[in-house]
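Quick note: residue numbers are just sequence positions, from 1.
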Amino acid sequence: MSNYHIKHLEEYFQVYRKSVRYPEVFWEEVAEEHFLWRKKWDKVLEWDFSKPEIKWFQGAKLNITENCLDKHLYIRGDKTAILFEPNDPKEEAQHITYKQLHEKVCRFANVLKSKGIQKGDRVVIYLPMIPELAVSVLACARIGAIHSVVFAGFSSTALSTRINDCQAKMVITSDGSYRGGKTIDLKGIVDEGLEECTTVENVLVAKRINSDIEMKSGRDHWLQPLLDEASSECDAEIMDAEDPLFILYTSGSTGRPKGMLHTTGGYMVYTAYTFKNVFQYKENDIYWCTADIGWITGHSYIVYGPLANGATTVMFEGVPSYPDYGRFWEIVQKHKITQFYTAPTAIRALAKENLDFVNKYDLSSLRILGTVGEPINEEAWHWYNDNIGDKKCPIVDTWWQTETGGVLISPIPFSTPTKPTYATLPMPGIQPALMDENGNEIKGNSVEGRLCIKFPWPSIARTIWGDHERYKNTYFSAFENKYFTGDGALRDEVGYYRITGRVDDVIIVSGHNLGTAPIEDSINEHPAVAESAIVGFPHDIKGNALYGYVILKETGEVRDRDNLRTEINQLITDHIGPIAKLNKIQFVPGLPKTRSGKIMRRILRKIASKDTSNLGDTSTLLNPEVVELIMKDAL
Ligand code: PRX
């Protein structure tokens, strides 16, 4: 039996049982056999969910980049580590070997040092999907700086909020980015964001679109000349297993985004382990995850997990619709992709297009397909299975979160029989529990409840940067001694899990987590708006779309409603980004509220979903009459 590489179902059950019975022995064996440690740990695990405090491989010393780069230099130095596919198919793809990547990372790390970045400093990275993004992430890790990648579709306000929250000393960006047929002025967004920030001393600027941008003297530096000057050797900073590796922000149901802090040793072990098993990775595979490195999927399964296994990982700069809807499949054919990992929203969008876009290409290199980010509906699952996988490729529906660092529930392909819409079984080491509303665990099969995890795994986030209390309240207070995921789930008759969706005020739109409160706060800044409430409603492609109920101030003047809608969406774009724009905006005379003043979103959700046959009990409302009025004008 191999702990590290599960090859059939019986083996999965054996490994799983061992991982639950002797978790420390199990993870110690995995860690010992497959990674480079400068010093081994004194203790495998120490944990207390009531504080919460979680420490894996305490006392161990390592650098994650030695595991992702140096380790491979002699065995596969000339193998492609990163295969970069540009936005424009006419531009040549770049094959960056492990040797070249190692050198690039060392040079970049030396540039960071030369600009005063030291172990523990925070560096915000705001870059498109170009090789510099992966290189800068690894360069931070090389010297022990804490990277915080901000998705380059976020607005300047969202960027400055994150920079200020983690008190970043440096920002790494580019002169712009390509997105399909458009270019985006990233540097302009950074300049605007930095007007609100005082901690950033230097901005490094990569050249991508060759646009003529303003460089602020003393603060902004072109990256390339600095790299050219820098030495190509840089010793790795020796880190403690529990030293921070990165901060990645995710939306909460209320308040500011949460800076989830991931640490070094456990994160490395878990992402590498799950990459190997979930994608049944083999040496000559060409693996492609279409996510952006600005999300956790990109951190764990474009950069760290694949590189720790010595894999070839594809980085795609573009979008699925450019130059046409066949782009994904063209790339699969061109690079002979073996594992393809994407989001249900992309599958739904592509499934709407003509099948010729798929059939034109030879997809026979594919062995495994994956999805992540939101529940996949049955129709999309079958389209993916039939047309992309030719019914031969198992689909791994991987359930996990920014907070979990790696995949927690997923089939192991060729071992776990798949079932449409089910994430199926927990990974080794993961102990799920379904809870009822009174805090009791629901045992047995064919049941539904709130999804918790009972025991720590190596890549669980350790805290929210600067706000441990919030970490405790959000994840460890709803159910005693358990990590609460915020998701609902059901367990079928054989013990397979199906994630049913969020049970809090987070809405997943096109696979992106959006909290209702920050969107409402942006809307309420409009001078004509008195109050607002956002809910999600089902959408063919996005999974969920946003429906806003807005109460206007009584100013006497009747404004053009369509103009107002545009202005409201512009405010949201400015504060958060275009991904949070509302699909529908209804102006309402009031919002249904409980006697304690809480908005009854349940009712608003039903109206938005056109499911008003049973609104439930409205008698406890402070203002039941408003429900009728809202329903009358519903969009
Ligand atoms: O609701 C779940 C949904 O996405 C949430 C986590 O979002 P985020 O932190 O942005 O990470 C996404 C990428 C790992 C979860 O709480 N989710 C993620 N994967 C699935 C899913 N819902 C259903 N099925 C999935 N496979």
Side-chain angles (χ1 to χ4, degrees), residues 250-258 374-375 436-437 448-451 473-474 477-478 484-489 499-510 512-526 529-539 542-552 565 568-569 571-572 575-576 579-635:
T250 186
S251 311
S253 46
T254 55
R256 290 179 298 131
K258 298 172 289 191
E374 54 185 315
D436 69 19
E437 298 204 355
E448 186 167 357
R450 288 166 185 235
L451 179 61
N473 292 336
T474 312
S477 302
F484 175 45
T485 64
D487 283 326
I499 312 304
T500 49
R502 302 289 310 183
V503 293
D504 55 10
D505 287 333
V506 170
I507 305 171
I508 306 205
V509 178
S510 300
H512 302 314
N513 259 6
L514 298 171
T516 49
I519 303 177
E520 289 161 5
D521 291 346
S522 320
I523 300 175
N524 297 349
E525 278 195 13
H526 194 290
V529 171
E531 202 183 347
S532 61
I534 303 297
V535 297
F537 69 99
H539 184 277
K542 300 177 175 191
N544 293 296
L546 299 177
Y547 193 120
Y549 297 89
V550 176
I551 308 177
L552 294 176
R565 288 190 174 96
I568 285 172
N569 266 332
L571 268 174
I572 296 173
H575 282 80
I576 300 163
I579 50 177
K581 282 206 286 199
L582 309 183
N583 260 50
K584 293 184 182 178
I585 299 176
Q586 181 183 352
F587 296 101
V588 293
L591 293 165
K593 290 194 176 165
T594 61
R595 284 177 200 280
S596 59
K598 212 171 167 269
I599 298 171
M600 283 278 261
R601 287 174 198 275
R602 179 173 57 76
I603 293 175
L604 294 176
R605 248 180 248 129
K606 288 208 154 198
I607 299 175
S609 315
K610 302 195 189 309
D611 169 26
T612 48
S613 54
N614 176 15
L615 282 184
D617 185 12
T618 54
S619 64
T620 55
L621 289 179
L622 194 62
N623 49 353
E625 70 289 348
V626 89
V627 175
E628 283 293 317
L629 295 173
I630 296 178
M631 271 174 29
K632 190 164 67 62
D633 293 331
L635 301 171

Q) Would you say the side-chain atoms of Lys606 pair up with the backbone N or O of Asn614, donor to acceptor, closer than 3.5 Å? A) yes
Exactly one of Leu514, Ile579, Asn583 clears side chain to side chain contact (heavy atoms under 4.5 Å, CB included) with Val509, and that residue is Leu514
Decide yes or no for Thr500 and Leu451: does some side-chain heavy atom of the first lie under 4.5 Å from some side-chain heavy atom of the second? no
In short, Ala634 meets Ile607 closest at the heavy-atom pair CB-CG2, 3.7 Å
Original post:
Would you say Met600 and Leu621 make side-chain contact, with heavy atoms under 4.5 Å?
Top reply: yes
Checklist entry - Charged N to carboxylate O under 4.0 angstrom, Glu520 versus Arg601? => result yes
- Item | Test log, rule side-chain contact (heavy atoms from CB on, under 4.5 Å), inputs Leu582 and Ile572 | CA-CA 8 Å; Leu582 309 183; Ile572 296 173; 3.6 Å; yes
I'd like to know whether Ile519 forms a side-chain contact (heavy atoms from CB on, under 4.5 Å) with Ile507, so could you lay out the CA-CA distance, the side-chain angles of the two residues, the decisive distance to 0.1 Å, and finally the verdict. CA-CA 11 Å; Ile519 303 177; Ile507 305 171; over 6 Å; no
By side chain to side chain donor-acceptor pair (under 3.5 Å), Arg450 pairs with (sequence neighbours left out) none
Item checked: Test item: Val588 and Leu629 side chains (from C-beta on) under 4.5 Å apart, heavy atoms -> no
Would His575 and Glu525 count as having a side-chain donor-acceptor pair, cut-off 3.5 Å? yes
- Take Leu546 and Lys581, measure what side-chain contact (heavy atoms from CB on, under 4.5 Å) needs, and give me the verdict at the end. CA-CA 7 Å; Leu546 299 177; Lys581 282 206 286 199; over 6 Å; no
Sorted by chain and residue number, the ring pair (Phe, Tyr, Trp, His ring centres under 6.0 Å) partners of Phe587 (sequence neighbours excluded) come out as none
Do the side-chain N and O atoms of Asn524 and Ser532 include a donor-acceptor pair separated by under 3.5 angstrom? yes
Leu604 vs Pro592 side-chain heavy atoms within contact, under 4.5 Å
yes
**Prompt:** Any donor and acceptor pair, going by atom type alone, linking the side chain of Arg256 with main-chain N or O of Pro518 inside 3.5 Å?
**Reply:** no
Value for OG (Ser251) from NZ (Lys258), rounded to nearest 0.5 Å, stands at 8.0 Å
**Request:** Check whether any side-chain heavy atom of Leu571 sits under 4.5 Å from a side-chain heavy atom of Asn569, and report yes or no.
**Result:** no
Between Ile551 and Pro589, the two heavy atoms sitting closest are CG2-O, 4.1 Å
OG1 (Thr250) and NE2 (His512) are apart, to the nearest 0.5 Å, by 12.0 Å
Is the closest basic N to carboxylate O distance between Glu531 and Lys593 below 4.0 Å? yes
query: Hey, is the main chain of Asp487 close enough, under 3.5 Å, to the side chain of Arg502 for a donor-acceptor pair?
result: no
Practice item. Output yes when a side-chain donor or acceptor of Asn623 lies under 3.5 Å from a complementary backbone atom of Gly590, and no otherwise. Key: no
* Any sub-3.5 Å donor-acceptor pair from Ser609's side-chain atoms to Phe537's backbone N or O? -> no
>> Counting C-beta onward and ignoring hydrogens, is there a side-chain heavy-atom pair between Tyr549 and Ile599 closer than 4.5 Å?
In response: no
Heavy atoms of Gly488 and Val503 approach each other most closely as N-CG1, 3.7 Å
request  = Kindly indicate, with the supporting measurements, whether the criterion salt bridge (Lys or Arg N to Asp or Glu O under 4.0 Å) is fulfilled by Arg605 and Asp505.
outcome  = CA-CA 11 Å; Arg605 248 180 248 129; Asp505 287 333; 3.8 Å; yes
Practice problem: Inspect the contact between Lys584 and Asp633 and indicate whether a charged nitrogen and a carboxylate oxygen are less than 4.0 angstrom apart. | Solution: no
